[in-house]
Structure formats: structure tokens, C-alpha cells
Amino acid sequence: MAGLRTVSAIVLTLVVLALLGTPVPLMVAGAMTAMVSTFAIREKEVRGQAVTLALGLPVALAAVALGALLHSRIIAGDLFFLALIFGAAYARRFGDRGTALGLIGFQVYFISLFVHATVATLPPLCLTLAIAFACSATVRFALVPDTPERTLSRLREAFRARLAQLVATHRELVDAGPEELDGVLDDLRRHTARLHETALMIQGRLEEGTRDAATAALLQRRIADAEIAAERLGMTLLNARSAERTDTLTLHLPHAPVPATGNRMHSEGDAVATLRRDLDALGLLVARRAPGDRGTALAHVRNRLLGYREEDNLPRGSAAVQDTFRALGEAARAVLGLRIALDGPQDESADTSATARSREEIDAEDLSITGAEPEPAEDGPTGLQRPTTRAAFQVAAGSALAIVGGEFLSTQRWYWAVLTCWVVFLNTSSTGEVLVKGYRRLVGTVLGVVAGVALAGLVGNHTWTAFALVLLCVFGMFFTAPLSYALMSFFVTAMLGLLYTLLNTYSVATLVLRIEETALGAVCGIVAAALVLPVHTDRRTDEHLGTVLDRLQDAVSASVEQLSGGPAEDLLTRARDLDTALNDLRGSTQPLVHPITPLRVRRQTARYLVALLETCAYHARSLAATAELLPASRSVAADPRLARAGRRIARNIDLITARVNDRPADGEVEAGASIASLLEADGSPVPPSHTVTFRVLRHLQRLDEGVVGIARALDVPVAGRGGGGRKKG
């Protein structure tokens, strides 16, 4: 949608400028301004977008005017450019609006350099910028509107599609042979991760995209239920295939081994045939929209799947296969709740008793769900420790080096080095991230130069053909930005080759100079990141790791307390806070796990640690979702014995967190006795394996094992294993 909106703004700008008889250089400036004024604004509320766009025009006019006035004053122009760069980076501390205005100011000044703006060309150039902003506003608010409600609606449909993809992969897993199993497992991990990413994106849009807090809480609950049920279904299928229980880590660690070869389900006969049919039915239930639900076929499918929530309806088979059918029933219940939340009330005329019971449970949960008041934001670092302040000094220092070095390479194109130095600091927070981003930009630039040479040769003097290809490159740039920074850089550089053709300044030497300036800018950025107020990757990773552990302890402790009979809390929000912190950690470890990293042992350790934390987060989400059922459910009851297990896990996380944060910590991480044995010590039997209470125990057990695994990965002393200090990095 960002690519479509940006391309539409550029097209409208070009049409208006062409009708006015604008010369090609000014059309290029207008197209670039339309692109900047569209992609720079990231606020969610429409009113905020309008205010920022209105403020952006005077900022852009001031930037281009100063660029034209300082065109012939080299030293003054360079000093102002550095001040502008510092201010644009520092403005990020003021949120989305500060980021947008800083980006508009920097990019429009860059445009003035690109088109060689002078005082004589300033009036028509200012008019061109105003037209570009007007076209951007027309597209944003009229042609391709961007409202929180529309965005949330698209994300909800994306979640439905991701869930259908995952269920289809579950179906493939049933019959996958030894040769196909690795590929199917890779698909299972990828689709599980993408479903989780979509759930997090929805979480970020709930507040603005729903009418009230209660509606947001309801949708959050149903999304979480569906995500957890789908992940549990995948685990039960893996267990049913294997001769021994599959570790949850299999779903989160690439190339993790499966506990046994072969497929035990092949010996289950009719039960597996029924499983195949019902997985297809679940996929149908997920994919079909409510308006197409009239008739009895889909109701029959829904009733059959929901019937597996009752023990009497389970097909005959091994315990593992029956557990898979129970997971199917829970997944169908989650899908029913999701359909009600997304599409409204469903037809109840053909309901069976099992379906009616599921509806009653969902209705009771809906009544108990209330929106939680947002917690006040924690105070962050101040002064030079503030990330925006540090980045402002770093990018200003790097840009100063890039200006000097760029002038030696070319007195006309030196600003490419500055642009590269600027962009490698965007959305980065450590030296390692700057290094990886600089490497990716250089690779994309080299490949883009090759494409630019080929496209420029094909286009020749055909102006509108060149503009059409520019639009394709712009769309490709935005479409690939979330997927690969190298691909985005490729499209940017290919687009520049076409723009030089339009400006009649194209040559192969110019594009080769682009590579040289890009390499110089990347090096300057890396040097500045390493020498000016540096934040080393290990330190940044430790900060994020400490935050993840704090969130994990918070989510688990609150869930266990509620499962033990404590007061009700907003547990799913705590679980989503954990997911957000884990996503930040995953990003900070990218320099450690990137293929160019020479330290393979550290790369493997980082991947293993993140996979362990993802496993713990899955069990924490499951505990939170189960605990929130307590006020309304007849199948889940509080058990005070769980408090002891929760205390052990919380204490172990405390010890690990202390080591990560270099705080003194007494004692060792406790391992050994299972959670079930802790309950048996009270003289009470462990509940049957098909009960919700047993599922809670299993989540706690896996969580306990995961925390001990994290301790061992970080060299935190574990009782009975021997000591050892934690090795940094």
C-alpha cells in the first residue's frame, strides 16, 4: 500500500506538471518531492498526517531556498548541510512528526543539490514543490486513503490468510516423507513466524483502529487464541509423527532435528484419513468469509470439528493422534471466536450441543473482557545516552567525513556519500547494525548500477518510458523495503540511472562513481559509529536480552499467580509486550547471525538463544491465554499448587537477568525435579493428560526447561552442573 500510494502521488504530480508545460528537470524534482512527502509521513491518525503534511511544505520550501542560496557558497553550504543532518537525526526524539519533518528537510535539500537549484530557478522550483505536496495530499486523503481502520482491516484479512497458509502446511506435514520433511518443517517454521508477525502488527494498530478499548481487547484475545491454537496444532502433529515427544524448539530453531525418523501416523489407518479430511475442513473454515456461510455444509464442518472438544467424539487411535484431534477441536473453537470477532454473529440454526457449548464459552469470555488502561511509559535514557542524540552526533560526524572524502572523488556528486552515511544510521542502534546495513547497501548499489546501465541503454531518449520505469522502481523500492535492504538499494540505484537519463547527465562513469561514493559513505558511517559515542553490538544485545527476560518473568509470574487463584489482570498485553521486546532482540542480533559474520560459534549461540526465548514466549502466551479463561470458563480452575512452580521459574529468570545486567547474584539456576513432581509432593495426583490443567503443567514444564537452557547457553551456573562465569557476547 505504501508503494501504491507513493507511485500514485508521483503519477499525479507528473500529470499536473506536464499539463503546465514544466521542463524535465523540474518534473524530476517534483516526482522526488512527491515521493518524499508521501513516504516520510508515518503517523496513524488522519488528523496527525494532515498536520504533518501541512508543516512539511514550509520546511521543504525553506530547505530548497537555502539550497539555492548556498549553491555557490561551498563552505557555508557544507556547514548548513551538516547542521541540517544533525537536526534531522535529533528530531526523531519527537516521534513520528519530528522524524517526518527532519526527513523532508534533509531529502528536499538533497533534491536541490541533485537538480542544481539556483536563485534563478527558485520560483518555479518552489511552485513545483507546492504542487507535489498538494498531489501527495490528494492521493493520501482522497484517492488511496490511509486510515487506521482500513489498515487494521487489511491486517485482519492478512492474519486470516496467514492462518490458512499455516493450516495448509499442517496438512502437508501429515503425509510428508523423509525426503520432504525438512522442506515442510521449514515452511511450518516460516508460516508460524509470519502468523506471529501479523499478530504483532495488529497489536500495534488496535488502539487507533478500533472504536473503544473493549473492542480492541476482544480482537486481541481472539487473534491470540487463533495464533496459540494453530501453533499447538503444529506441535501435536509433530508429536504424532515422532516416536518420542518433540521439543517445542523444533518450531523456532532452523534445522533443529526431529526426534525420530519415519512417520508413526502411517500405522494409524482410519484415524489418519479422518485427520487429513478434518485438516482440509479446518482450512475451509478459516478461509471462507461470513457472507458465504449460508447453507449447511460449512455448519456441518464446524460442528464436526468442535465435537472433538468432547472426549466421546475422538476417533480411535494412539494417545498422540487423539491429542491432535483435541488440538483440532481447540483450533476450530479459536477460529469460531475469530470469525465472530471479525465478521459479526454467525448462523446458529444448525448448531450441535458441542457447538452451542463453545459459543456459550466465547460469549462468557466476551462479557468478561474489558479494555485495560495503558500503562505510563517508562523514562528512557537522557543526555548523550539518548539514542536520538547519539545518532545525531554520529551521523553528523560521519557526514563531515563523507563530504570531505566525497569532494575528492567528485566535486559534483559528493552528496551521494553523504546520503549513504545518512541512511545507514536510519533504524540502527549499534555499530554492528550500521556495518551490516552499509554492506547491504553497497551490494544493492553494485547490482543496481548494472541494471541502471542496461535500462538507460534501452530507454534512450524516450522520456515517458523512462518515467514509467522509474515508477516501477519506486514501487519495487517500497515493496521490498521490509523484505531486503539490499533489494531496496538495488531499485534505488536503478531508478537513479533512469533519472540521470532524464536529466541528460547519464554515463557509465557516473554510475561507477555512484558505487565509489556509496562505499565511501558506508565506510564513513561505520567509522563514525565505531568512534563517536559507540554502542557495541554486544552491549545493545545485552540490553535487549535483559528487557526480554524482565518481560518474560512479568508475563509468567502474572499468569501463574492468576492460575493459582490470584486477581485477574491484563495478561495478553503482558505477553505481547514480551513479543515486542523479543522482536527488538531479534533485530539487534542480526549482525551476529549475518552470513558475513566470521565468528560461527557466536552466530550459532545467538540463533539458539533467540530460538529458546521464542519457545519460552510461546509457552508464556499459552499460559496467559489459559489464565484469562479463569473468570468465565467451566473447564479451567485455579490451582494454588502452581504457585511453587511459578516461584522457581521466576527465581531462575532473576538469576539469569542479574548475570546479563552484570549485577551480583547469589545462588544457581535450579533444575532437576519436574513441575509435575513438585505437585505430587503435595500428595495430589497429576491430572489426566487430556485436561486443561495438564496442558498448563506441560507449558510450565517446557518453560522451566527453556529457562534452564537459556542459563546454560549464557554460562550461568546451574545447580548440579558446575559453575562458570558468563562470557560476554
Side-chain angles (χ1 to χ4, degrees), residues 5-6 8-43 47-74 76-92 94-142 399 415 418-419 422 474 499 503:
R5 189 174 297 111
T6 305
S8 299
I10 294 173
V11 169
L12 183 58
T13 301
L14 290 176
V15 169
V16 173
L17 292 176
L19 292 175
L20 295 176
T22 307
V24 171
L26 289 181
M27 292 180 69
V28 170
M32 295 177 71
T33 302
M35 180 176 69
V36 172
S37 60
T38 303
F39 81 75
I41 298 174
R42 298 296 180 89
E43 290 178 87
R47 181 178 180 277
Q49 296 172 14
V51 171
T52 303
L53 193 60
L55 293 174
L57 179 57
V59 170
L61 294 176
V64 76
L66 286 167
L69 291 172
L70 298 174
H71 175 73
S72 59
R73 297 172 175 82
I74 297 177
D78 290 348
L79 291 176
F80 173 76
F81 200 14
L82 289 177
L84 179 61
I85 290 170
F86 180 89
Y90 185 78
R92 297 178 207 170
F94 300 109
D96 289 338
R97 180 164 299 161
T99 302
L101 294 178
L103 190 57
I104 289 172
F106 171 83
Q107 293 285 4
V108 171
Y109 190 86
F110 174 83
I111 291 171
S112 73
L113 297 175
F114 185 77
V115 298
H116 303 291
T118 62
V119 175
T121 61
L122 190 55
L125 187 55
C126 288
L127 177 61
T128 299
L129 263 61
I131 291 173
F133 268 80
C135 292
S136 176
T138 301
V139 169
R140 177 178 292 276
F141 302 119
S399 297
Y415 43 79
V418 180
L419 180 64
W422 161 269
V474 169
L499 291 179
L503 294 172

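FYI, the numbering just counts along the sequence from 1. What you see below is based on every heavy atom in this structure, not just the backbone, and it leaves out hydrogens, waters and symmetry mates.
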Exercise for the section: Not counting sequence neighbours, which residues clear side chain to side chain contact (heavy atoms under 4.5 Å, CB included) with Thr52? List them please. Expected result: Ile41, Glu43, Arg97, Ala100, Leu101

Problem - Minimum heavy-atom distance Ala29-Val115, with the two atoms named - result: CB-CG1, 4.1 Å

Problem - By side chain to side chain contact (heavy atoms under 4.5 Å, CB included) - contacts of Leu82 (at least two apart) - result: Ser399, Ala400, Ile403

Problem - Nearest heavy-atom neighbours spanning Met35 and Phe39 - result: O-CD2, 2.8 Å

Handout entry: Thr128 (side chain) donor-acceptor with Pro124 (main chain) under 3.5 angstrom
Key = yes

Problem - Ile85/Tyr109 under side chain to side chain contact (heavy atoms under 4.5 Å, CB included): CA gap, chis, key distance, verdict - result: CA-CA 10 Å; Ile85 290 170; Tyr109 190 86; over 6 Å; no

Exercise for the section: Report the distance from atom CG of Leu125 to atom CD1 of Ile111, rounding to the nearest 0.5 Å. Expected result: 8.5 Å

Practice task
With sequence neighbours excluded, give me every salt bridge (charged side-chain N to carboxylate O under 4.0 Å, His left out) pair touching residues 15-32.
Solution key: none

Practice task
Supply the atom-to-atom distance His71 NE2 to Thr118 OG1, rounded to the nearest 0.5 angstrom.
Solution key: 6.5 Å

Practice task
For residues Phe110 and Trp422, determine if any side-chain heavy atom of one lies less than 4.5 Å from a side-chain heavy atom of the other.
Solution key: no

Handout entry: Other residues, nucleotides, ligands: >12 heavy atoms within 6.0 Å of Leu79 CG
Key = yes

Exercise for the section: Applying side chain to side chain contact (heavy atoms under 4.5 Å, CB included), name anything that partners Ala134, two or more places apart in sequence or on another chain. Expected result: none

Handout entry: Ile10 side, atom CD1; Ser136 side, atom OG - distance, nearest 0.5 Å
Key = 9.5 Å

Exercise for the section: Please name the pair of heavy atoms, one in Ala9 and one in Thr38, separated by the smallest distance, quoted to 0.1 Å. Expected result: CB-OG1, 3.4 Å

Exercise for the section: Please identify each residue that fulfils ring-ring contact (aromatic ring centres under 6.0 Å, His included) with Phe86, with sequence neighbours left out. Expected result: Phe393

Exercise for the section: Tell me, with the steps shown, if Leu127 and Leu20 meet side chain to side chain contact (heavy atoms under 4.5 Å, CB included). Expected result: CA-CA 11 Å; Leu127 177 61; Leu20 295 176; 5.5 Å; no

Exercise for the section: Using the six-membered ring wherever Trp is involved, compare the ring planes of Phe81 and Phe106 and label them parallel, tilted or perpendicular (cut-offs 30° and 60°). Expected result: parallel

Practice task
Identify the two heavy atoms, one from Gly56 and one from Ile104, that lie closest to each other, and give their separation to 0.1 Å.
Solution key: O-CG2, 3.8 Å

Practice task
Let me see the working for Leu17 and Thr13 under side chain to side chain contact (heavy atoms under 4.5 Å, CB included), right down to the final yes or no.
Solution key: CA-CA 6 Å; Leu17 292 176; Thr13 301; 3.8 Å; yes

Handout entry: Heavy-atom pair of closest approach, residues Ala18 and Met27
Key = CB-CE, 4.2 Å

Handout entry: Heavy-atom pair with the smallest gap, counting every atom of Phe133 and Ala60
Key = CE1-CB, 3.7 Å

Handout entry: Leu61: side chain to side chain contact (heavy atoms under 4.5 Å, CB included) partners, not counting sequence neighbours
Key = Leu57, Cys126, Leu129

